[in-house]
Every structure is written in structure tokens, then in C-alpha cells.
Amino acid sequence: MNLLDTSKEAVNQSRQERVTQKIQSLSPMEQEILVHQYHPDYKKEAYREIQFGPNQGEKTVHELADLLEADSPVADQNLSLTPDYSVDLLVIGGGGAGATAALTAKAMGANVLLATKLRLGDANTVMAEGGIQVAISPDDTPLHHYLDTLRGGHMKNDPALLKTLVEEGPAAVQWLIDIGVMFDRDLDGHLSLRSGGGSSKPRLLRCKDYTGLEIMRVLKDGVQNAQIDLLEFSPIVELLTDEEGACTGAVLKNIDNGRFIVVSAKSVILATGGIGRLHIQGFPTSNHYGATADGLSIAYRAGAQLTLQDTFQYHPTGAAFPEPIAGILVTEALRSVGAQLLNVKGERFINEMQTRDVVAASVIRECQEGRGITTPAGRRGVWLDLPLVDLIQGEGTLKNRFPNMVRQFSRYQIDITKDPVLVYPTLHYQNGGVKVDVDGESTVKNLFVAGEASGGLHGRNRLMGNSLLDIIVYGRRAGKATAERARKTDFKKPTLKHLDRFHQVQKEAGIIPTSVSPILFPDYVNRK
Ligand code: MEZ
């Protein structure tokens, strides 16, 4: 037997004796030390200062800084700005935040156009597995939810954004139920809740391990039934602004024929999602193919301030093996029902239900200090003991409650009811983003941002299930605010004046741009 098989066998052999094993949580001080030593957010050489613009002098990772300072794809196009469309609201992004905002604004009578890079529903929302976090059980309160999230975010969360999230969470989830989302229920018909890392109460509603997919199924039906105008395969490449710098629309690009599309709008909502496909610091990602930080660079060029742009979430359990699914999510919900993490010697090394940054840092530590397992392709990982779930919760739990996980591995002849799987942190979420107020408006007037592209709510580390709640609460708020604004606002002339300002500060910083952003798709051809 090779080392990998020997190590796996040791995990299989010790399973029974670990059923009742408890492992102490680290103290807050121990957590801070671990995170500072091993979490990728603290790797100095991965960061540099942003050289100009609203966040000049602040740090972010090289991959994002390069995009923020890159030129616009329309800078030298001599583009006619005669609008192809004029609408009250242009929503950019076909994931959960965009669909929710479009549905809300349309229901309030706004004339809405929804544009998306790929197809409606192609987004990180459908990749969310374990649940949506909301304080609805009788012994829970929005205050508990607030405090857990604040602790998880290292007290860096925007208090107003967080207060709104937890207070409006129950109504947002009721709206999802009303429009048709089928959350799992107990045998007596009550909504069933489970726990997430860093939460003091069971607070996660779920649809087996397909929660985001189920939510998106219903939102997508809603957009189609409401007959919201839809432009698919038409990503945003630039914003439009007026003389005062307020947003007046956007330039899209038709992917099929390469033509630009000019949209005049009273407001724009950017719901462009995350950043995973930049593969920051070489990490694999759990993210959707289109997650290339488009909204951040576009908003930044228009003068919008970013916040917490230096912090990212590396989900502790991305698949490390087999190679074709490296980086794909192995849901945290498995740990909440008993799955344990073990190193090459078959030893546990962390309480698996601590916050994600702490657990991810502990996995990296094990691998860096030679206690990881190397896969045939040379990746490193630790074991996630999944058969333990059936042993603790009863046979059939994995098959009945985690069908997605069972299928994901069975495609590669791995039976998770019998064997542990190898996992390693995967780039999962951008904790920060474009700074917004409680209606989702950025520091650029009439430019709203909803969902993962916005920043502040989650502090320096997001808790499980808070992103699904975020997209619904803030999708609804942005949809409502923009529909109301449309009633009081006239169309303003679309210009590219902000690019003149951008080029001016770029020049003053001594930068000659050699690339353009957004990149729209990951560059797998040239990537090392
Ligand atoms: O919120 C998330 O990121 C989530 C639900 C992930 C998971 O592990 O399932």
C-alpha cells in the first residue's frame, strides 16, 4: 500500500472510536495567532498598494490591484453614445442578487432591463450548497445573529448593513417561501434548521445540499414569468456617467458579435458576483466560471470607493482530489453534522465548527508542516471523514441529505459513505467589495451594488449562509430604492467623462496601462 492508502486506512480504522470525541475550540487569542500565521490574507508578498483612485495607498492582492488600474476596453473606441435601450433600471448580473433586484423593481412598476454575462442563473448563487442563515427559531433572535456575524467578521462588519440584514432576514426568507422555494422540513412539517461554523444557534435553512440551486430555480422562473427584458451573453464593460459623475447607464458587449450596446438608465445595479476565477495566490476556486471581479474594476473607474478589498474567504474544504474537481465545494454542512478533519497520521487538529478563516488556516498549517497528504497530481490536502456522518446521524443520512456530495464524488468512483475525501482550502468568496449604504447605493450616485460585489457587511470573514441572505435582503432593498428613484428622476445624458478623470489620475500616478479590465473570463491558456 502507498502512503495515501495507508493513511486512508488509518482513518477508516479509527472511525468508531472518534464518534464521541470532542475537540476544544481555540481561544480568541489562539485563533488570531493561527490566522495571522497561516491564512492567505496575511501573506505580505501577495499584496501591494493601489496606486491611484478612491482607495489609493490601501492594499489589495496583486491580481485585483492590476485590474483596478487597468484601462477601459472602450477607451479608444470612439463609441457613439446614442442609446440602444433606455430604461429606468439596468441590472447587471443574472445570479440571485440581480434576479431579486429585477423582480422587486419590476413589481413596483419600474421598466427593467437585466443583462448578464452568460445565461440567467449562471452565477455563484447556484453553487451555494449548505443553506441560508436566518434567525427564525423560537430561541433565536436577530441580535444573536448579529453578534455571531460580528464575531465571525472580526468586528469589522459595517454595523448598519449588518443590522439591516439580520432584522430583514426573516421577511426575506418568507418572500422566498411565498414565491416557491421548498426548504427542507421535519416530519412534522416545521422548517428544519442546522448549524454553521461560528454560529451559536442552528440557523440554516436548506434544500438538501442544493440550496442555492433551488433558490435560483425559483428566481429564474420569477424573472421569466414577470417578462423582464433580458440580455444574455452581454457583459458590462463600462459605466456611463453625467457631467457631475452620477451614473447614467452602461456599455455592454454582445459576446456573439463583439458589438457594444449602449444602455441609458436612471440607475444601474451591479450584481456581478465574485472574484474566484482570478485564482488569487494560485488557489483553486469553488466559483462559477464568470467570477472575474468585473464589477469592482468597473465601479472603481467610475470613482466608487471599495472597502475591505484586502480580504478573501478560502473555504476550508474544497476538493483536493480527484484533479477534475479540484477546488469544488465540499459543503460546511457536512462538518455541522459530524464530519471530522484529520491529518496524514489520522489525527484531528481543529474543532471543525470554528469560523472558516480559522479552520482554513489550520488545514494550511497541517500541510505546510508536513502533516498533509499529497495527491497523485501533487496537490496537498487533509482528510474529511464523511462516512462518520452516517455513523453519527444514522445510515442513509449522506444519501438523503447530501445527494449532491454523493453524486459529485461517485462520478469518480469515490463512495463517500465508505471512504474519507481529501480537501484543501479553495478561494470561495470576496469578503469586501464596493462600499454601499443600506439601500446598496455606492459612493457614485445612482450606481447601486448588490450581493458579493458589494462590501462591508461580512467584515473580514463571512459566516456560512450569510451570502444567500445578503443577496435576497439587499437585492430587494436595491430593487425598491431604484424603482422609487426612477419615479423622481429624469434621464441624464450618458457620457464617458469619468474616463477622462480616471486617465488623469492614472497619468499622475505615472502608470501607462498595458491591459484592460474587466477580463470577463479566466485566462486558462496563459495561466501557469
Ligand atoms: O455560504 C456558503 O458559503 C455556503 C452555504 C457554503 C457551504 O459550505 O455550503
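Indexing begins at 1, ligand by ligand and atom by atom, following the structure's order.
Taking Glu395 as the reference, nothing meets the salt bridge (charged side-chain N to carboxylate O under 4.0 Å, His left out) condition, with sequence neighbours excluded. For the side chain to side chain contact (heavy atoms under 4.5 Å, CB included) test, residues two or more places apart in sequence or in another chain that qualify with Asn12 are Lys8, Glu9, Arg15, Asp419, Pro420. Under the side chain to side chain contact (heavy atoms under 4.5 Å, CB included) criterion, Arg379 pairs with Pro284, Glu323, Ala326, Thr375, sequence neighbours left out.
Side-chain contact check for Asn351 and Ser25: at least one donor-acceptor pair (N or O, by modelled atom type) lies under 3.5 Å.
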* Check the pair Leu334, Asp209 against side-chain contact (heavy atoms from CB on, under 4.5 Å), reporting the backbone distance first and the verdict last. => CA-CA 9 Å; Leu334 288 159; Asp209 53 352; over 6 Å; no
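The contact shell of ligand 1, taken as protein residues with any non-hydrogen atom closer than 4.0 angstrom, comprises Glu129, Gly130, Gly131, His315, Leu329, Thr331, Glu332, Arg356, His428, Arg462, Met464, Gly465, Ser467.
Ring geometry, Phe283 versus Tyr424: the interplanar angle falls under 30°, so the pair is classed parallel (tilted spans 30 to 60°).
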